[in-house]
Amino acid sequence: MLYVTRREIFSASHRLFNPNFSDEENERVFGKCSNPNGHGHNYILEVVVKGEINTQTGYVIDLKLLKQIILETVIRKIDHKNLNVDVDFLIDKIPTAENIAIGIWEQLIDKIPSGKLYSIKIYETENNYVEYKGKA
Ligand code: NI
């Protein structure tokens, strides 16, 4: 079994807050991430596809094709956007790295032409990342 990874970078802003919380609760739970006018990150996205090698091509999936699919399905929607209001697959979600990873998984799961989607990683900072591998 082989695991093939494509990495993409995007920039986006967000504010972490729960509309059901008071201002004080939002401040307590989310701290500076709840700054009312938002803040930005340079996110790293890693998409991993798992599969057997195709003996005709030597590929699990053509990475040029995977790149195109990620650009069209995800990056076009999310790069240089405000994640609280601009992105259809994040509407009504708190735009944490967790929810971004799940949202991107759901965008890509039916679009992988060979192999199977294995994981989505979102690095929000150098030291913090979330990995999603679908519903347990
Ligand atoms: Ni943040």
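Whatever order the structure lists them in is the order used to number ligands and atoms, beginning at 1.
Aromatic rings of Tyr118 and Tyr3 (six-membered ring for Trp) have centroids within the 6.0 Å cut-off, being under it.
Tested against Val47 for a side chain to side chain contact (heavy atoms under 4.5 Å, CB included), the candidates Val74, Leu117, Ile69, Thr5 yield a single pass: Leu117.
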Practice prompt. Determine, step by step, whether Gln107 and Thr73 satisfy the side chain to side chain donor-acceptor pair (under 3.5 Å) criterion, reporting the C-alpha distance in whole Å, the side-chain angles of both residues, the deciding distance to 0.1 Å, and the verdict.
Written response: CA-CA 7 Å; Gln107 293 302 295; Thr73 311; over 6 Å; no
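Nearest heavy atom pair, residue Pro95 against residue His14, reads O-ND1, 2.8 Å.
Listed for the Asn84 side chain is a donor-acceptor partner under 3.5 Å among the backbone atoms of Arg15.
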Let me check something: any side-chain donor-acceptor pairs from residues 49-62 under 3.5 Å, sequence neighbours excluded? List them with distances.
| from | atom 1 | to | atom 2 | distance (Å) |
| --- | --- | --- | --- | --- |
| Asn54 | OD1 | Gln56 | N | 2.7 |
| Asn54 | OD1 | Thr57 | N | 3.3 |
| Thr57 | OG1 | Tyr59 | N | 3.0 |
| Asp62 | OD1 | Lys64 | N | 2.9 |
| Asp62 | OD1 | Lys64 | NZ | 3.4 |

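Counting only protein N, O or S atoms, the number found under 2.8 Å from the Ni ion (ligand 1) is 3.
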